[in-house]
**Student:** 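This is the structure I want to talk about, given as structure tokens.
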Amino acid sequence: MSIIIRRLWLAVLLCLTTTVATAEETPTMTVDQTLLILSSASPQTQGMAMVLGNTLASQGTRVRVLLCDQAGDLALANPPATVLAPKQVTPAQMLRRLQQQGAEVQVCALYLPNSEHGEEDLAEGVTVATPPAMASLMRDARVRVFTF
């Protein structure tokens, strides 16, 4: 009976060792596209979303930004100017830097009809998102979606 128990323990140890080795060898899935959905009116939350977006873009991730509700004001040609420490920049300035890195920036389809602004008030390069296109992007398994 001791031989049977030894063989069972050996089999268990072999299985555990194989599982650990396989887990260590499995590479992490890299996502090369990110959608940041920002609706917060908080300048610090807006700023942090832009910091992360710029960092992702600098690491080679394609970034898309969807601005909704009061965060849509960042997309205006004359956006709010809340300066954030420590870099002394506004969330809108960080958004423009993100655009310079190739990010596509859109406002929610409901933003303009529910504000006093029109498309002519949007900053250069900013467009209006369509729900079918956004839904398709959100369903894409290759796109990681973050909301702020």
Side-chain angles (χ1 to χ4, degrees), residues 9-148:
W9 274 110
L10 183 60
V12 168
L13 287 174
L14 184 60
C15 287
L16 289 174
T17 304
T18 304
T19 303
V20 170
T22 304
E24 290 175 358
E25 294 169 7
T26 304
T28 351
M29 186 175 100
T30 303
V31 175
D32 62 351
Q33 190 171 172
T34 298
L35 171 63
L36 302 178
I37 301 175
L38 178 57
S39 61
S40 175
S42 165
Q44 286 185 35
T45 301
Q46 292 172 353
M48 197 63 229
M50 294 303 105
V51 165
L52 292 172
N54 276 291
T55 303
L56 286 163
S58 71
Q59 293 176 355
T61 301
R62 181 175 173 219
V63 178
R64 292 184 66 175
V65 179
L66 178 63
L67 301 169
C68 302
D69 203 8
Q70 290 180 329
D73 292 350
L74 295 178
L76 298 172
N78 295 306
T82 304
V83 177
L84 298 173
K87 302 278 184 176
Q88 303 306 312
V89 294
T90 68
Q93 289 170 325
M94 289 186 267
L95 178 64
R96 301 300 174 257
R97 181 170 173 258
L98 190 53
Q99 283 181 289
Q100 291 170 352
Q101 292 190 73
E104 184 177 339
V105 178
Q106 296 182 297
V107 292
C108 287
L110 295 176
Y111 174 72
L112 293 175
N114 292 287
S115 73
E116 69 262 5
H117 304 290
E119 282 192 60
E120 68 279 358
D121 296 321
L122 295 176
E124 186 178 332
V126 177
T127 60
V128 178
T130 64
M134 273 301 129
S136 177
L137 187 64
M138 293 171 76
R139 293 184 67 228
D140 190 329
R142 298 167 296 176
V143 178
R144 189 159 291 151
V145 179
F146 297 96
T147 60
F148 295 88

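All of these numbers come straight from a predicted model, not from anything done at the bench.
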**Student:** Given side chains that start at C-beta, do those of Val83 and Thr90 come closer than 4.5 Å, heavy atoms only?
**Tutor:** yes

**Student:** Would you indicate whether the side-chain heavy atoms of Met138 and Ile37 approach each other to under 4.5 Å?
**Tutor:** yes

**Student:** Is any side-chain heavy atom of Phe146 closer than 4.5 Å to one of Leu52?
**Tutor:** no

**Student:** Determine, step by step, whether Leu137 and Gln33 satisfy the side chain to side chain contact (heavy atoms under 4.5 Å, CB included) criterion, reporting the C-alpha distance in whole Å, the side-chain angles of both residues, the deciding distance to 0.1 Å, and the verdict.
**Tutor:** CA-CA 10 Å; Leu137 187 64; Gln33 190 171 172; 3.5 Å; yes

**Student:** Does a side-chain heavy-atom distance below 4.5 Å link Met94 with Lys87?
**Tutor:** no

**Student:** Search all heavy atoms of Ala109 against all heavy atoms of Ala129 and return the closest pair with its distance.
**Tutor:** CB-O, 3.5 Å

**Student:** Nearest 0.5 angstrom please: Cys68 SG to Met134 CE, how far?
**Tutor:** 8.5 Å

**Student:** If you take all heavy atoms of Ala71 and Ser40, which pair is closest and at what distance?
**Tutor:** CB-O, 3.6 Å

**Student:** Taking all non-hydrogen atoms of both residues into account, name the closest pair between Ala75 and Arg96 and its distance.
**Tutor:** C-NH2, 4.0 Å

**Student:** In Å, rounded to the nearest 0.5 Å, how long is the span from CD of Glu104 to OG1 of Thr127?
**Tutor:** 5.5 Å

**Student:** Should we count CD of Gln88 as having more than 12 external heavy atoms under 6.0 Å?
**Tutor:** yes

**Student:** CD of Gln44: more than 12 outside heavy atoms within 6.0 angstrom?
**Tutor:** no

**Student:** Do Gln99 and Val65 have side chains that get closer than 4.5 Å, going by heavy atoms?
**Tutor:** no

**Student:** Between CE of Met48 and OG of Ser42, what distance do you get to the nearest 0.5 Å?
**Tutor:** 12.0 Å

**Student:** Heavy atoms only: give me the nearest Gln93-Val89 pair and the separation to one decimal.
**Tutor:** OE1-CA, 3.1 Å

**Student:** In Å, rounded to the nearest 0.5 Å, how long is the span from CG of Leu95 to CD of Gln100?
**Tutor:** 10.0 Å

**Student:** With side chains defined as the heavy atoms from C-beta onward, is the minimum distance between Leu122 and Leu112 less than 4.5 Å?
**Tutor:** yes

**Student:** Locate the shortest heavy-atom distance separating Leu67 from Gly72; write the atom from each residue and the value.
**Tutor:** CB-CA, 3.8 Å

**Student:** For the side-chain contact (heavy atoms from CB on, under 4.5 Å) test, which of Thr45, Leu38, Val63 pairs with Met50?
**Tutor:** Leu38

**Student:** Strictly distance-based, threshold 3.5 Å: is any side-chain N or O of Asn54 a donor or acceptor partner for the main-chain N or O of Leu98?
**Tutor:** yes

**Student:** Of all the heavy-atom pairs spanning Gln106 and Val128, show the shortest one and how long it is.
**Tutor:** NE2-O, 3.8 Å

**Student:** Please round to the nearest 0.5 Å and tell me the distance separating atom CG of Leu56 and atom OG1 of Thr34.
**Tutor:** 5.0 Å

**Student:** Do any N or O atoms from the side chain of Thr55 and from the backbone of Val51 form a donor-acceptor pair under 3.5 angstrom?
**Tutor:** yes

**Student:** Do the non-hydrogen side-chain atoms of Gln46 and Leu84 ever get within less than 4.5 Å of each other?
**Tutor:** no

